[in-house]
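Below, chains carry the letters A, B, ... as their sequence lines are ordered, and counting in each starts from 1.
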Protein chains: 2
Amino acid sequence: MVVSVQIAPPDFDPVFAALADHTRRDIVRRAINAEEGVLELASHYPMSFAAVQKHVAVLERAGLITKQRIGRRRVVRTNPEALLVARRLLDQYEGLWRARIDRMNQLVAETAGAIDTVETKESKR
Amino acid sequence: MVVSVQIAPPDFDPVFAALADHTRRDIVRRAINAEEGVLELASHYPMSFAAVQKHVAVLERAGLITKQRIGRRRVVRTNPEALLVARRLLDQYEGLWRARIDRMNQLVAETAGAIDTVETKESKR
DNA sequence: GCTGAATACAACCGTATGGTTGTATCAGTG
DNA sequence: CACTGATACAACCATACGGTTGTATTCAGC
């Protein structure tokens, strides 16, 4: 019996908020390729270790990265799924945009045959 | 004489920050299709007109929407270019991700033929 | 089982953010 | 010109955010 698998509706707020910081975006970028611990990551940025640690925490809460113990360090990896979540929203907007264009073209095509229908479309307030 | 058109390097911070709010994302979505003034927009949300106005200002500063005078109202339209800016960054990350996968596959392929090269690749600290 | 490297966490500070209310500007319309 | 619909802007408040320093925790390795 398939119970219509409820995918948790992603809350975009923390994802976009996490991406709205240069340092955090750079951490994401780094963590795509490298496998660095938090201390190693911190060495790249002109701020305290604790500050970087906080950034990592923000990214982790947003689901953009995960940490895994390896030896004594916790290696940071980016989670491509979370990136897709954000991208899908933008794609959706793009879809709406295209739909609008299509509708406008459609409208133009119709109007070309019956110009006086314009009055009914444009609500002048 | 083409002067190597310098596209201003987009600062992603305000774009993602603007998208990190449910109300603002909804404004963007609405403004893709509809052509509403700020007052009309505000009517959709459970907050004061001024609050919505601020949200619109944030979106405008981020370049995600534009306002155009039509009659007495200022009609809000989303700027698909800005959405693309954000999307391109995510695409770039996805590219890095794929590149990493490819490199790993490459590595596996090489290793299959010469197992003892593993030592040189894995830096054990 | 100690020691120390790597990480986590708490407290604090200045500034930014999201909301409010109130007042000012500005352009159509009677 | 006066009126009013639509917007802008300023002041204020509570809370969140990005940074700091300092202290606690937790394993890896000897």
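- Near DNA chain C, meaning a heavy atom under 4.0 Å away, the residues from residues 59-69 of chain A are A/K67.
- In this structure, CD of B/Q53 is placed 15 Å from P of C/dT25, rounded to the nearest angstrom.
- Within the structure, every pair that satisfies the salt bridge (Lys or Arg N to Asp or Glu O under 4.0 Å) test and touches residues 48-71 of chain B, not counting sequence neighbours, is listed here: B/E60-B/K67.
- For the pair B/F16 CZ and D/dC17 P, the interatomic distance rounds to 18 Å; values are reported in whole Å.
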Please walk me through it: do A/I27 and A/Y45 pass side chain to side chain contact (heavy atoms under 4.5 Å, CB included)? CA-CA 10 Å; A/I27 291 176; A/Y45 308 104; 3.6 Å; yes
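- If you take CG of B/L39 and P of D/dA6, they are 6 Å apart, rounded to a whole angstrom.
- Looking at residues two or more places apart in sequence or on another chain, you find a side chain to side chain contact (heavy atoms under 4.5 Å, CB included) between B/A31 and B/V76, B/T78.
- By the side chain to side chain contact (heavy atoms under 4.5 Å, CB included) test, B/A51 is found to be paired with B/M47, B/S48, residues two or more places apart in sequence or in another chain being considered.
- Contacts classified as salt bridge (Lys or Arg N to Asp or Glu O under 4.0 Å) and involving residues 95-105 of chain A (residues at least two apart or in different chains) are given here: A/E94-A/R98, A/R100-B/E35.
- Between the C1' atom of C/dT17 and the CG atom of B/D13 lies a distance of 15 Å, rounded to the nearest Å.
- With rounding to whole Å, B/L41 atom CG is found 13 Å from D/dA6 atom P.
- Classification of B/R73 and B/E36 as a salt-bridged pair fails, no side-chain N sitting under 4.0 Å from a carboxylate O.
- Per the geometry, CD belonging to B/E36 stands 13 Å off P belonging to D/dA6, to the nearest Å.
- Residue B/R74 is classed as a sugar-phosphate contact, given heavy-atom separations below 4.0 Å to backbone atoms only.
- Atom P of nucleotide C/dA5 and atom CD of A/E40 are separated by 15 Å, given to the nearest angstrom.
- Between B/D21 and B/R25 there is no salt bridge, since no side-chain N of the basic residue sits under 4.0 Å from a carboxylate O of the acidic one.
- For A/A20 against B/D13, the heavy-atom pair with the smallest separation is O-OD2, 3.6 Å.
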Nucleotide N/O to protein N/O under 3.5 Å, stretch nucleotides 19-22 of chain C:
residue: C/dG19; atom: OP2; partner: B/H55; partner atom: NE2; Å: 2.2
residue: C/dG19; atom: N7; partner: B/K54; partner atom: NZ; Å: 3.0
residue: C/dG19; atom: O6; partner: B/K54; partner atom: NZ; Å: 2.1
residue: C/dT20; atom: OP1; partner: B/S48; partner atom: N; Å: 3.3
residue: C/dT20; atom: OP2; partner: B/S48; partner atom: N; Å: 2.9
residue: C/dT20; atom: OP2; partner: B/S48; partner atom: OG; Å: 2.6

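- For the pair B/R88 and B/D91, the salt-bridge criterion is not met [side-chain N within less than 4.0 Å of a carboxylate O].
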